[in-house]
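Reckoned from all heavy atoms, side chains included, excluding hydrogens, waters and symmetry mates.
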Amino acid sequence: QVQLVESGGGLVQAGGSLRLSCAASGRTFRTYATGWFRQAPGKEREFVAAINWSGGTAYYADSVKGRFTISRDNAKNTVYLQLNSLKPEDTAVYYCGAHVYSGSYYYPGSYDYWGQGTQVTVSS
């Protein structure tokens with residue numbers, strides 16, 4: 001069993017930055033790939049970024065490539081998402097998920113555990 005808790009969201013002006021954290025319980029978390037997704041009101045949950053268990057490989061949605069950076073610290077059981085050059089269209093609830101078994105990192109249905117989400121609001 002894995003429990004995930006996101007934090008770090010908030011209100012920021014366009015062009016600003018935030019760092020989101022996803023803290024996990026359970027030693028096995030460090031063996032799982034982890035992804036960040038976001039969901040805006042009235043829209044489906046969409047892929048943002050993912051990182052493999054070791055932190056050696058990262059994947060990004062085209063819409064955030066070059067602006068967001070995913071990283072992890074397995075000693076702290078935490079995955080981070082650095083959000084730079086934020087735009088109003090980045091406004092959403094951001095969720096982290098643990099990818100335990102199989103399936104595409106880009107698909108939310110492939111993730112087995114989710115946190116409760118953290119709100120990011122970018123004002124213009």
Side-chain angles (χ1 to χ4, degrees):
Q1 190 77 8
V2 176
Q3 292 185 324
L4 306 175
V5 178
E6 301 96 333
S7 62
L11 173 63
V12 63
Q13 289 188 332
S17 298
L18 287 171
R19 188 174 83 153
L20 308 184
S21 298
C22 173
S25 64
R27 293 181 60 187
T28 54
F29 176 74
R30 64 193 66 179
T31 67
Y32 304 148
T34 303
W36 283 96
F37 287 73
R38 65 188 181 187
Q39 189 165 18
K43 295 188 176 181
E44 293 186 352
R45 191 169 295 193
E46 67 169 356
F47 172 79
V48 175
I51 191 165
N52 73 335
W53 70 272
S54 69
T57 305
Y59 309 82
Y60 296 96
D62 288 342
S63 59
V64 307
K65 204 170 292 183
R67 299 189 299 122
F68 292 7
T69 303
I70 190 171
S71 61
R72 68 189 301 156
D73 184 340
N74 282 342
K76 296 182 179 179
N77 259 17
T78 302
V79 173
Y80 304 98
L81 186 67
Q82 178 68 40
L83 289 64
N84 295 332
S85 302
L86 282 161
K87 304 175 181 180
E89 51 263 43
D90 294 319
T91 295
V93 177
Y94 284 69
Y95 298 90
C96 67
H99 184 281
V100 178
Y101 299 109
S102 61
S104 169
Y105 290 166
Y106 297 89
Y107 177 55
S110 298
Y111 289 75
D112 305 277
Y113 300 98
W114 291 97
Q116 83 292 345
T118 185
Q119 176 70 48
V120 171
T121 303
V122 184
S123 63
S124 58

Just wondering, do L11 and Q119 contact through their side chains at under 4.5 Å, heavy atoms?
-> no
Under 4.5 Å between any side-chain heavy atoms of F68 and W36, yes or no?
-> no
Aromatic ring pairing Y111/W114, orientation class (parallel under 30°, perpendicular over 60°, tilted between) = tilted
According to a 4.5 Å side-chain heavy-atom criterion applied to Ile, Leu, Val, Met, Phe, Trp and Tyr, with indirect links allowed, do L20 and V64 form part of one hydrophobic cluster?
-> yes
What's the spacing between [X] [atom1] and [Y] [atom2] if we round to 0.5 Å?
| X | Y | atom1 | atom2 | result |
| --- | --- | --- | --- | --- |
| Y32 | W53 | OH | CH2 | 13.5 Å |
| E44 | Q39 | CD | CD | 8.0 Å |
| T118 | Y94 | OG1 | OH | 10.5 Å |
| Y105 | F37 | OH | CZ | 11.5 Å |
| S124 | E89 | OG | CD | 10.0 Å |
| L81 | R72 | CG | CZ | 13.0 Å |

K87/D90 salt bridge by N-O under 4.0 Å criterion = no
Check for a donor-acceptor pair, side chain of N52 on one end and backbone N or O of G55 on the other, with a separation under 3.5 Å.
-> yes
Output the rest of the hydrophobic cluster of Y80: all Ile, Leu, Val, Met, Phe, Trp and Tyr residues reachable through side-chain heavy-atom contacts under 4.5 Å, sorted by chain and number.
-> none
